[in-house]
S.K.: 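Quick one: structure below, then a few questions.
Chain A is the first sequence line, chain B the second, and so forth, proteins listed ahead of strands; every chain is numbered from 1. Because the structure is predicted, anything quoted here is derived from the model rather than measured.
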Amino acid sequence: MNTYLLNQITIFIIAIVSFILAFWVLNSSPKNKVNQYFSLTIVSYIAWISFYYFMRLQSQISSAGLLARLGFAGVLIFTTFLYLFSVNFLNEEKRFSFLNKIVVSVGVIFSILAIPTNLIMKRIEMTKWGPNPVLSMEGKIIFFGFVFLVCIFILALLFKKYFQTTNLKEKLKIQYILLGFFFLIMLNFAFNIFFPLILGNFQYSYFGNYSFIILIGFTAYAIIKKDLFDIKIVLTEILVGGIALLLLIQDLTSKTAIEYVWKTIILVAFIFLGHSLIKGVLREIKLREELENAYLELKKLDIAKSEFISITSHQLRTPLTAIKGYISLILDGSYGPISEQVREKMTNVFQSNERLIKLINDVLDFSRIETGRFEMHMGKVDVEEVISSAVDFLKIGAENKKLYLRWKRPEKPLPKVLADEEKTRHAILNLIDNGIKYTEKGGIMIKVTEEERFLLIEISDTGAGMTKEEILKLFKSFSRGEAGSQFFTEGVGLGLYIAKKFIELQGGEVWAESEGKGKGSAFYIKLPIK
Amino acid sequence: MKKILLIEDERMLAKMYQEKFSEAGFEVVLFYDSEGALELVKNEKPDLIVLDILLPRENGITFLQRLKNDPETSLVSVVAFSNYDDPKTKEEAIRLGAVDYLIKTDFTPQELIERIKIYIK
């Protein structure tokens, strides 16, 4: 394939692609300055490469000269629009309003001057590859200086924005443009510097011009697409595409039929491979994104749930406070004497109310445990004192059921443990209370023994006892719904679960033992001594 | 006679506590929200403030902050008294200088008085 045909095809494709890009970008947001400047950049780009292309076709110096000058003007206008686009794209047009004026003035003035004067182009020479413009010394400085400085400025601005912005989407957009610039520079270096200056081959110099289409392509994509893929995907796609292209070229330059066949097979196989590779990567990215979104949703839900529980429990507690308050005032005679019968009934109401209050407290604790929003306030805790106060608190309840509540103090005072006092108290209260509930005759006994690194609290009762299955189910919360889940009365299910969690949060253990139905039970709390 | 400022938006509860506090021998000033409460503290210098947290306009925490920021009122003892049982709010109240954060449903009015007596000195 000769260069002439190749050139024809290339410019044709690039012109078409450029027009499509210009239209696409302008169409997606016609009123946006960024899109407008971008389209103008593309139009001036097409003008530039068209002028240059037609110049190369000329056999006469005069016509070639005119087209060359128009080409130079085109480049200057293109650079100006590129500058305006970049500054607007990065939202810095106000900051550089003075510089904007300078760049536009310089660009317009010199592009106008480039056409009728020899300021930029001194003369045009005929080489074996067609007309080649020769620039004057000032021309080189002005022309290359302007383009170079503007490009450096744009790059610097891009980098600055990239490192400054915390918005991931913006970062990605800038990455795309920088990638476009990278390819542009590489190709330009290859075709405009390496080939001509080092190899002395001007044949491909216009390819350098065409390489701008890559920058334009990447930029267009960055402007329009709202959801950009990770730059790694793009690079993978480029790599696969590049290798496919190379294989295609290899294929087309086969010398024998057999070579053609197996190279085609390799090409096709590679295309399939590359395609499934890219699809696989895209799928993984999508999955990761979905997971992340699901996680964020869950966290939001979590917070909403615990706020809901806090507010709801507050709302539920308000009327219960009124009931608790007024009934207790009635019972202690603030409104006059009451009969024994009234006292008895009022006491029942009071106790039912207390149950409700406790249930709400348990639900609140439970929801906090589940969402992990519990803060431990560790300190030196005197376990004996905690047990004593629990016993004092529950003594009356036990006496009402005609049960004994014995707290056997150890002879040697117990060492203080590092624990959360409130939670330990809560757990101990719960276990003793549970013992009282499930015992009809006899009573509860509490013992503490000091082991090597633990305190062992034993709360045993002469109550109903439990089978092995019942022991297993005992500390499960009501939400661990198993088949035939028990109906927990008086909040037993939640209470034990919470007690266990509270102790476990402090590094301890809770368990229960029983010799069987009717043989009583024993609950154990193990707390590490630190 | 010791003076207690009670800021509580639930009318029924407010009246109940006011009754009991009066019966126990305290002088009670009752506010249904925090508006104007700061001025009252400056003028009448109560011995204790019993402060609800979830109030209609300004919440108890913000009021507590204002109280503590003003040198004329910062030394008055405040007991936070609410059914809002949120660990962060509790911490914030204590950090701002409340002497305690009590949950209403944990106390009958008599028990509350026993508790308050500790903080009124």
S.K.: Suppose we call two aromatic rings close when their centres sit under 6.0 Å apart. Are Y17(B) and F81(B) close by that rule?
M.R.: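 Yes, close enough.
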S.K.: State, yes or no, whether a side-chain contact exists between I113(B) and K20(B) at a heavy-atom distance under 4.5 Å.
M.R.: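 When only atoms from C-beta onward are counted, K20(B) and I113(B) do touch, with a gap below 4.5 Å.
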S.K.: So which of I360(A), T318(A), L320(A) has the largest heavy-atom pair count under 4.5 angstrom toward chain B?
M.R.: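 Answer, by heavy-atom pair count under 4.5 Å with chain B: T318(A).
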S.K.: Name the region of N361(A), side chain, backbone, both or neither, that has any atom closer than 4.5 Å to a heavy atom of chain B.
M.R.: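 Side chain of N361(A) only, per the 4.5 Å heavy-atom cut-off to chain B.
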S.K.: Relative to chain A, which of D106(B), L54(B), D85(B), I103(B) shows the most heavy atom pairs under 4.5 Å?
M.R.: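 The option with the most such pairs is D85(B).
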S.K.: Think K2(B) forms a cation-pi with F26(B), using NZ or CZ under 6.0 Å from the six-ring centre and within 45 degrees of its axis?
M.R.: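 No, K2(B) does not sit over the ring of F26(B).
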S.K.: Are D382(A) and K416(A) within salt-bridge range, i.e. N to O under 4.0 Å?
M.R.: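 No, D382(A) and K416(A) are not salt-bridged.
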S.K.: Counting only non-hydrogen atoms closer than 4.5 Å, does F107(B) touch chain A with its backbone (N, CA, C, O), its side chain (CB onward), both, or neither?
M.R.: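 Only the backbone of F107(B) comes within 4.5 Å of chain A.
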S.K.: Which residues in residues 325-332 of chain A have any heavy atom lying under 4.5 Å from a heavy atom of chain B?
M.R.: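 Near chain B, by residue number: G325(A), Y326(A), S328(A), L329(A), D332(A).
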S.K.: Considering only NZ, NE, NH1 and NH2 on the basic side and carboxylate oxygens on the acidic side, decide whether D70(B) and R66(B) come within less than 4.0 Å.
M.R.: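 Here D70(B) does not pair with R66(B) in a salt bridge, since their nearest N and O are not under 4.0 Å apart.
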S.K.: Does E458(A) have any side chain to side chain contact (heavy atoms under 4.5 Å, CB included) partners at least two apart in sequence or in another chain, and if so, which?
M.R.: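 Side chain to side chain contact (heavy atoms under 4.5 Å, CB included) check on E458(A) returns K447(A), S460(A), A522(A), Y524(A).
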S.K.: Heavy-atom pairs under 4.5 Å with chain A are the metric here; pick the option from K104(B), E19(B), Q110(B), E91(B) that has the most.
M.R.: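 Ranked by heavy-atom pairs under 4.5 Å with chain A, first place is Q110(B).
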S.K.: Can you confirm whether Y404(A) sits close enough to I444(A) that some side-chain heavy atom of one is under 4.5 Å from a side-chain heavy atom of the other?
M.R.: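 No; the side chains remain at least 4.5 Å from each other.
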S.K.: How long is the span from the CG atom in N83(B) to the OG atom in S310(A), to the nearest 0.5 Å?
M.R.: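 The CG atom of N83(B) sits 12.0 Å away from the OG atom of S310(A).
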S.K.: Report the option among L112(B), D86(B), T89(B) that has the most heavy-atom pairs separated by less than 4.5 Å from atoms of chain A.
M.R.: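 When all of L112(B), D86(B), T89(B) are compared, D86(B) has the most.
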S.K.: Taking atom NZ of K88(B) as the centre, does the number of heavy atoms from other residues, nucleotides or ligands within less than 6.0 Å exceed 12?
M.R.: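 Result for NZ/K88(B): open.
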